[in-house]
Amino acid sequence: MLTICMIAVVASAQKYQVVGVERTRLTVDAAYDTCKDNATACFLVPYMNVIDSIMSPVVGRLECAAEIDRPESRMSNLMADIMLWSGSLCGEKIDVGVYNYGGVRSPMVAGDVTYGDVLAVAPFENKICFLSLTGEALTELFSQMAFTGGECVSKGVNLVFTKDGKLKSAKLNGKDIKPKKKYRIATNDFLAQGNDKMLAFKKKTDFVIYDDKDYNAREVIVKYFKYMKERGIKVNPQVEGRVVVE
């Protein structure tokens, strides 16, 4: 998939201003290959066989297409719920799973999920990690999410944002967040450093990271799909009103 971005710029007295951005995605396939180079194609065959053997195995199944959209989407809910689930791999009792929209690099289609599909979603080397935030810092984190227009949050989180990017209310499992209470968060190490404008993560305590390739975010996603498949549990993420803009 190739993303094409068109940016409109106006110039006035040596000053430039962006007035619009449009993008679209084109599937780059055989339709664009009108002059095939047979020698190159033959050269690539053994490499393609190796890549296909890695990318093609089915790790699970998705019951519905999962799109990426703010302030909430099926894909954002799925990713955050996988973070929440990841605590069970490490004996952690997690209150909130968080992932960033910028780290979700591809939507997913309904049907069988291959390792290649997971790699398209999470191509980075980010590791899952666990940390604690006070309720005050967690509310600050949710306020920062309001500013960005929403991030991926797990089930049980209910956020209301204003149209001008302010946090109106935040609840966890139907209850108000207690300022002094410690909440356990599962996320990735990129966010845990306070990146993607989620600076509240810098106030973390009790930080735990598993610096092992088996705990790379994409490997955890694979583990999740395999776990669900083995137990016959359908993966069917829905938009549930976790994040609402009023």
Side-chain angles (χ1 to χ4, degrees), residues 59-60 62 66-108 113 117-133 137-138 141-142 144-145 148 150-159 170 172-173 177 182-198 200-228 233 235-240 242-243:
V59 299
L62 188 63
E67 78 293 344
I68 308 170
D69 198 10
R70 278 188 164 108
E72 180 189 357
S73 64
R74 289 184 176 91
M75 196 68 207
S76 62
N77 288 351
L78 174 62
M79 293 297 289
D81 285 349
I82 292 173
M83 292 298 100
L84 186 69
W85 173 86
S86 72
S88 65
L89 296 176
C90 306
E92 292 272 0
K93 186 177 180 181
I94 302 301
D95 298 300
V96 180
V98 174
Y99 211 83
N100 53 321
Y101 270 93
V104 186
R105 308 305 287 186
S106 174
M108 300 182 80
V113 176
D117 294 328
V118 174
L119 182 61
V121 170
F124 308 113
E125 298 305 313
N126 299 130
K127 304 293 191 301
I128 62 162
C129 59
F130 309 103
L131 55 91
S132 295
L133 292 178
L138 181 58
L141 178 70
F142 290 150
Q144 291 161 358
M145 292 181 182
T148 64
E151 301 294 342
C152 314
V153 292
S154 59
K155 59 185 177 182
V157 176
N158 293 108
L159 306 177
L172 181 58
N173 298 318
I177 295 170
K182 278 191 175 183
Y183 294 88
R184 199 68 173 151
I185 317 296
T187 187
N188 62 60
D189 59 340
F190 175 75
L191 288 187
Q193 298 168 32
N195 292 312
D196 263 11
K197 299 183 175 65
M198 288 188 250
F201 275 127
K202 291 188 175 183
K203 297 181 178 181
K204 63 185 178 290
T205 59
D206 309 312
F207 181 61
V208 176
I209 183 170
Y210 289 82
D211 193 15
D212 184 291
K213 66 178 182 180
D214 286 341
Y215 292 93
N216 182 292
R218 63 173 168 269
E219 298 302 331
V220 172
I221 297 169
V222 168
K223 291 178 192 294
Y224 173 83
F225 275 105
K226 286 183 175 180
Y227 178 92
M228 295 299 182
I233 303 172
V235 180
N236 190 26
Q238 299 296 314
V239 174
E240 303 169 343
R242 299 180 188 184
V243 184

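These values consider heavy atoms only, across backbone and side chains, with no hydrogens, waters or symmetry-generated copies.
- With sequence neighbours left out, N195 forms a side-chain hydrogen bond (donor to acceptor under 3.5 Å, both in side chains) with no residue at all.
- Here the CZ atom belonging to F225 is positioned 4.0 Å from the CE atom belonging to M108, to the nearest 0.5 angstrom.
- With sequence neighbours left out, the side-chain contact (heavy atoms from CB on, under 4.5 Å) criterion links A137 to L133, T134, K203.
- Here the side chain of R218 pairs no donor or acceptor atom with the backbone of Y215 at under 3.5 angstrom.
- At least one donor-acceptor pair closer than 3.5 Å links the side chain of D189 to the backbone N or O of K127.
- Contact between G97 and S154 at its shortest, heavy atoms only, is N-OG, 2.8 Å.
- A donor-acceptor contact shorter than 3.5 Å links the side chain of Q144 to the backbone of A200.
- For the salt bridge (Lys or Arg N to Asp or Glu O under 4.0 Å) condition, the pairs that include at least one residue of residues 70-90, sequence neighbours left out, are E67-R74, R70-E151, D81-R242.
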Might you work through the side-chain contact (heavy atoms from CB on, under 4.5 Å) test for Y224 and M228, ending with a clear yes or no?
CA-CA 6 Å; Y224 173 83; M228 295 299 182; 3.2 Å; yes
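- Annotation: side chain of E92 is in contact with side chain of V208 (closest heavy-atom distance under 4.5 Å).
- The only option from L84, V121, N100 that meets the side-chain contact (heavy atoms from CB on, under 4.5 Å) definition with M79 turns out to be V121.
- For A120 against S106, the heavy-atom pair with the smallest separation is O-CB, 3.5 Å.
- To the nearest 0.5 angstrom, T187 atom OG1 is 10.5 Å from Q193 atom CD.
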Using the salt bridge (charged side-chain N to carboxylate O under 4.0 Å, His left out) rule, take E125 and K213 through it: C-alpha gap first, then chi angles, then the decisive distance, then the call.
CA-CA 8 Å; E125 298 305 313; K213 66 178 182 180; over 6 Å; no
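- A 4.5 Å side-chain heavy-atom check between D206 and F130 finds every atom pair outside the cut-off.
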Under the side-chain contact (heavy atoms from CB on, under 4.5 Å) rule, what do N188 and F124 come out as? Steps first, then yes or no, please.
CA-CA 11 Å; N188 62 60; F124 308 113; over 6 Å; no
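- The distance from the CE atom of M75 to the CG atom of D69 is 13.0 Å, given to the nearest 0.5 Å.
- Between G150 and Y101, the shortest heavy-atom distance links the atoms O-CD1, 3.2 Å.
- Among residues two or more places apart in sequence or in another chain, the side-chain hydrogen bond (donor to acceptor under 3.5 Å, both in side chains) test is passed with Y183 by none.
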Can you list the steps and then say if I185 with L138 is a side-chain contact (heavy atoms from CB on, under 4.5 Å)?
CA-CA 9 Å; I185 317 296; L138 181 58; 4.0 Å; yes
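- Considering every non-hydrogen atom in both V96 and I94, the closest pair reads O-CG2, 3.3 Å.
- Taking F207 as the reference, C129, L131, A192, K204, I209 meet the side-chain contact (heavy atoms from CB on, under 4.5 Å) condition, with sequence neighbours excluded.
- For N158, there are no side-chain hydrogen bond (donor to acceptor under 3.5 Å, both in side chains) partners, not counting sequence neighbours.
- Interatomic distance, CD1 of I82 versus CG of N77, reported as 11.0 Å (0.5 Å rounding).
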Should F142 and I177 be marked as a side-chain contact (heavy atoms from CB on, under 4.5 Å) after you check the CA-CA gap, both sets of side-chain angles, and the distance that decides it?
CA-CA 11 Å; F142 290 150; I177 295 170; 3.5 Å; yes
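- In this structure, CD1 on I128 lies 10.5 Å from CD1 on I221, to the nearest 0.5 angstrom.
- When all heavy atoms are compared, the tightest approach of P123 to R105 is CD-CG, 3.4 Å.
- Side-chain N or O atoms of D196 include none that pairs as donor or acceptor with a backbone N or O of M198 at under 3.5 Å.
- In this structure, Y210 and C90 approach most closely via the heavy-atom pair OH-CB, 3.4 Å.
- To the nearest 0.5 Å, atom CE of residue M83 and atom CG of residue L78 are 9.5 Å apart.
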